[in-house]
Undergrad: 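I'd like to ask you about the structure that follows.
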Amino acid sequence: AASINGHLKVTKPVLLRRPHDGSSKTYRTAYEIDGKDDNVSVQSNSRRPSPCYVLPCVRFRSKKSAAMAIIATAALVVSICSISLAYRYLSYISLSSPSAGHYLLPPAKEWGAGRERRRKARQGRKAHLPQAAEIEVKAVKYTEYEAYLLNFLFSLRAAGVKSSILPLNTHDPLGEDMGIYSNLGCSVFNQLNSDKNTTTSHKDQMRQLWSSHLSTILQASRHADDTAYTHKNWTAILLKSLSPYSILDNLPDENSDKAMDAKDIERISGIILRRFLGMLQNGGKASVNMPPPLRIAVFGGPTVEGKGCHRARVVIPRGSIMANPAFCSFPYRLEQFLNAILLPPAVLKQLRRTLGGISSDGTSSSDEIRLVEVVNLGEEGTDSEYSTAIVRNRMYPPLLNEQLSGSSGYGGGPPDLVIDAYGIDEHGKEITEIHAYYDGASHPSSIQTGCLKEDQKPPPVIVRAVLEEDTPFQWDPQFSSSMMTVILGDAVDDVEEGEISLPDGQNPENKETEAGGAFGMAGHVTSSWMLAFNLAYAAISHCGSIGYSSQQRAPSRRRTMDHTISANCDNGIDPPCIFSFLAGSKGTATRPSAIASNLMPFIVENSGWQPGSDMTTGFARKTGLVGTGTGATMTLLFRNVTRPIRRFDVITLRSTSQAWKEGAVQFVLVTGGDFSHGNEAAEASAQVARETSFEVSAELIADRSNGEDRHISYHFGLDLAEGDNDGQVGTDVLLRVILTKGSRFKILGLMLCG
């Protein structure tokens, strides 16, 4: 504020439109006299009159500023001219003399020339990919069962990733705990069904499952060789004639002796779920590195072998593999049915589309993925005692022992589940000894010092299939068994009643109707349904019994570091024997040369015994070790045995034929001796060595069948008492075989095992 000529004047700074340079001339002041504007006149601080208004762009306060502006303008003009000249030059040389060593910018008129080429290239690529409209049409055509299964599998994959089960290890141990996978599957299953009525019994759930998915069951029952499904109407009639009560009423209660043990259920379902996870991890494509499928071996008599399966109201097409009894019987149909139910083709195709299982040509992979594999080891003339020796000593055919490779992921190995179906042809046979055999075969042996349980494959789960329920004799109330039993009789009767009233369908390969077998083709189809639904019932009951809340435990940490496995450790795969062979098409030695290669390293004396083959005893028993002439003797010496001998099993031929039935052989087994260090050592060891001998006859007391001789595979097993003379490690074992009666005798198998 200042006083000029007696008037009060107020000044305020007004900011100019240029930066502050620190001088006093930066600001102008506006005067207001008596609170009024003086026509907004602007005066300088020096009170000089205001100059005329000048545009900011040419307003320069010094010569230096003017020079800088001129220089900037000149630089801008030079840059524009340079760019124009360079563009004209590049356009000229690109048209006149192109050089392969330089990148040339095309002229403006050619920028759109590649557009049509790129459009055609995109159309060509799209032509090799499935059309979106086509995928959309196919994606909606799912049955209720297929939609539920897809939901379950994608939920299983998400739960596997969340719980760190995925990704799977490349090489899981042989004895891996399958409870990790079964608990994961039960958790997802219970969560998806949490909104349903939980008070419904498991049997009622199975009835609802059966009745609400008949179309899915019908489609899954198609024989693999019936591509046109010519038997569809006939199969639909079987489904209609089969009462759900007949197929489900014989299901065992959870606490029944006929029910499957919880650990067995965990193992079977866990193997399938682990296979599922491996498939999901691989984008739905097949791979040899996938976890192996569930392997099932079926033992039985003529019905399991397929005798009489061609008896049906439908005709087997000429040239079809169904004419072969093995491909008509229920073991083969069981494999097809389980795989079709667990992984329908529509579900597998959608998984591959969603998870990226697309091949290089843009189509989904067509490789088959089997979740279950079934091997038919049924053979007429065998019984449960025969099969228990096979299971206990792991004397499976090479098909199950060799590590085969293939896109389906098949890797060989002993079965995970054994179905004993001898009860179909042997109803009424006393079963106490049978159960005792299998109880011993199905329980794991003790783990040796320095060996881990996870390095040993567990023994198979045992399931019996019978026509009618059988029980031990009443005078043995203490007897109990842990084997699950599937009763087929009522369901088979339902479908077979409609078949009996019609003439038997003739085998196209054989115009005469073949005798044998407890039921025809209808019974085989129904038996596959019965076995599948009994296994499904066991799994559903197990998931329901453990509930949803108990599934929240974290999966146990799997071993990731490899360690050296001792050669003395039992891996659960190789036969636990110092010497063994089993002749026959389904044995370990299918030819005489294979038997000779097993015998030669141990023979110290032989007169009259030679491996041979002849068809007089049937195809199944054509190969064997044959002794000729009374007094024929063979001695085998096993030096410095590497494992104790606990069991001696012998399988021989029994026949009604005059050429064989007169024969008899004496077996002499000496354990705990020393026969490798001279006579003195042998005499000294005689004080502690143990000698066991028994005689086996070849005579079969039975009626002839249709005027033809009958032949069977007879099994004799001997448990050796544990002690100092049971063939301890480091001692010698001697086996002598002497033909005491008759002129001929055939040995089908010898097993000296732990």
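We count residues from 1, following the sequence as given. This structure is a prediction, so every number in the text was calculated from the model and none was measured.
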Undergrad: Can you tell me how the ring of Y148 sits relative to the ring of F189, calling it parallel under 30°, perpendicular over 60° and tilted otherwise?
TA: perpendicular

Undergrad: Main chain of Y422, side chain of D383: is a donor-acceptor contact present, judged purely on distance under 3.5 Å?
TA: no

Undergrad: Check whether H223 reaches the backbone of F327 with its side chain - one donor and one acceptor, N or O, closer than 3.5 Å.
TA: yes

Undergrad: Between the side chains of Y332 and S528, is a donor N or O closer than 3.5 angstrom to an acceptor N or O?
TA: no

Undergrad: Could you pull out the closest heavy-atom pair between P458 and R267, with the gap in Å?
TA: O-NH2, 3.3 Å

Undergrad: Determine yes or no for a side-chain-to-main-chain donor-acceptor pair under 3.5 angstrom, with N190 supplying the side chain and C543 the backbone.
TA: yes

Undergrad: Do you know which two heavy atoms are closest between L184 and A159, and how far apart they sit?
TA: CD1-CB, 3.6 Å

Undergrad: Could you go through L277 and L168, starting from their C-alpha distance and side-chain angles, then the distance that decides it, and tell me whether this counts as side-chain contact (heavy atoms from CB on, under 4.5 Å)?
TA: CA-CA 8 Å; L277 290 170; L168 298 175; 4.2 Å; yes

Undergrad: Has the side chain of E335 got a donor or acceptor atom that lies under 3.5 Å from a matching backbone atom of V374?
TA: yes

Undergrad: Is there a donor-acceptor contact under 3.5 Å from the side chain of D425 to the main chain of T303?
TA: yes

Undergrad: Do P576 and R394 have side chains that approach each other closer than 4.5 Å (heavy atoms only, starting at C-beta)?
TA: yes

Undergrad: Can you check whether R274 reaches P292 side chain to side chain, under 4.5 Å on heavy atoms?
TA: yes

Undergrad: Quick one: do M279 and L351 satisfy side-chain contact (heavy atoms from CB on, under 4.5 Å)? Show the steps, please.
TA: CA-CA 9 Å; M279 177 195 66; L351 288 174; 3.6 Å; yes

Undergrad: Quick one, T382 and L377 - any side-chain contact, counting heavy atoms below 4.5 Å?
TA: no

Undergrad: Over all heavy atoms of both residues, which pair between N376 and A326 is shortest? Give the atoms and the distance, please.
TA: ND2-O, 4.3 Å

Undergrad: Does the D177 side chain pair with the main chain of I180, one donor and one acceptor, at a distance under 3.5 Å?
TA: no

Undergrad: Can you tell if the side chain of T588 reaches within under 4.5 Å of the side chain of S580, non-hydrogen atoms only?
TA: no

Undergrad: Taking the side chain as every heavy atom from C-beta outward, state whether M751 and R647 have any pair of such atoms under 4.5 Å apart.
TA: no

Undergrad: In terms of the angle between their ring planes, are F519 and H524 parallel, tilted or perpendicular, with boundaries placed at 30° and 60°?
TA: perpendicular

Undergrad: What do the steps show when you test N289 against N282 for side-chain contact (heavy atoms from CB on, under 4.5 Å), and what is the final call?
TA: CA-CA 9 Å; N289 294 324; N282 200 41; over 6 Å; no

Undergrad: Checking the side chain of S182 only, and the main-chain atoms of G179 only, is there a donor and an acceptor separated by less than 3.5 Å?
TA: yes

Undergrad: Look up atom CD in E368 and atom CG in L343, then write down how far apart they are to the nearest 0.5 Å.
TA: 10.0 Å

Undergrad: Find the distance between CD1 (I265) and CD1 (I540) and round it off to the nearest 0.5 Å.
TA: 11.0 Å

Undergrad: Y145 and S212: side-chain hydrogen bond (donor to acceptor under 3.5 Å, both in side chains), yes or no, with the steps?
TA: CA-CA 9 Å; Y145 174 79; S212 59; over 6 Å; no

Undergrad: Between L535 and L417, is any pair of side-chain heavy atoms under 4.5 Å apart?
TA: yes

Undergrad: Quick one: pull up CG in L334 and CD1 in I419 and give me the separation to the nearest 0.5 Å.
TA: 5.5 Å

Undergrad: How far apart are the closest heavy atoms of T590 and G584, and which atoms are they?
TA: CG2-O, 3.3 Å

Undergrad: Are any of the side-chain heavy atoms of V375 and P415 separated by less than 4.5 Å?
TA: no

Undergrad: More than 12 non-hydrogen atoms from neighbouring residues, nucleotides or ligands closer than 6.0 Å to CZ on R222, yes or no?
TA: yes

Undergrad: Would you give the length of the straight line joining atom CH2 of W529 to atom OG of S527, rounded to the nearest 0.5 angstrom?
TA: 10.5 Å

Undergrad: With heavy-atom distances below 4.5 Å as the criterion, would you say the side chains of V495 and V525 are in contact?
TA: no

Undergrad: Would you say the side-chain atoms of R333 pair up with the backbone N or O of C328, donor to acceptor, closer than 3.5 Å?
TA: yes

Undergrad: Please round to the nearest 0.5 Å and tell me the distance separating atom CZ of R643 and atom CD1 of I578.
TA: 9.5 Å

Undergrad: For F533 and I217, work out which heavy atoms get closest and say how close.
TA: CZ-CD1, 3.8 Å

Undergrad: Rounded to the nearest 0.5 Å, what separates atom CD1 in I369 from atom CG in L342?
TA: 13.0 Å

Undergrad: Would you say the side-chain atoms of D570 pair up with the backbone N or O of G572, donor to acceptor, closer than 3.5 Å?
TA: yes

Undergrad: Show your reasoning for whether side-chain contact (heavy atoms from CB on, under 4.5 Å) applies to L488 and F330.
TA: CA-CA 12 Å; L488 308 175; F330 73 83; 5.5 Å; no

Undergrad: Please confirm whether the backbone N or O of C753 pairs with a side-chain atom of R392, one donor and one acceptor, at under 3.5 Å?
TA: no

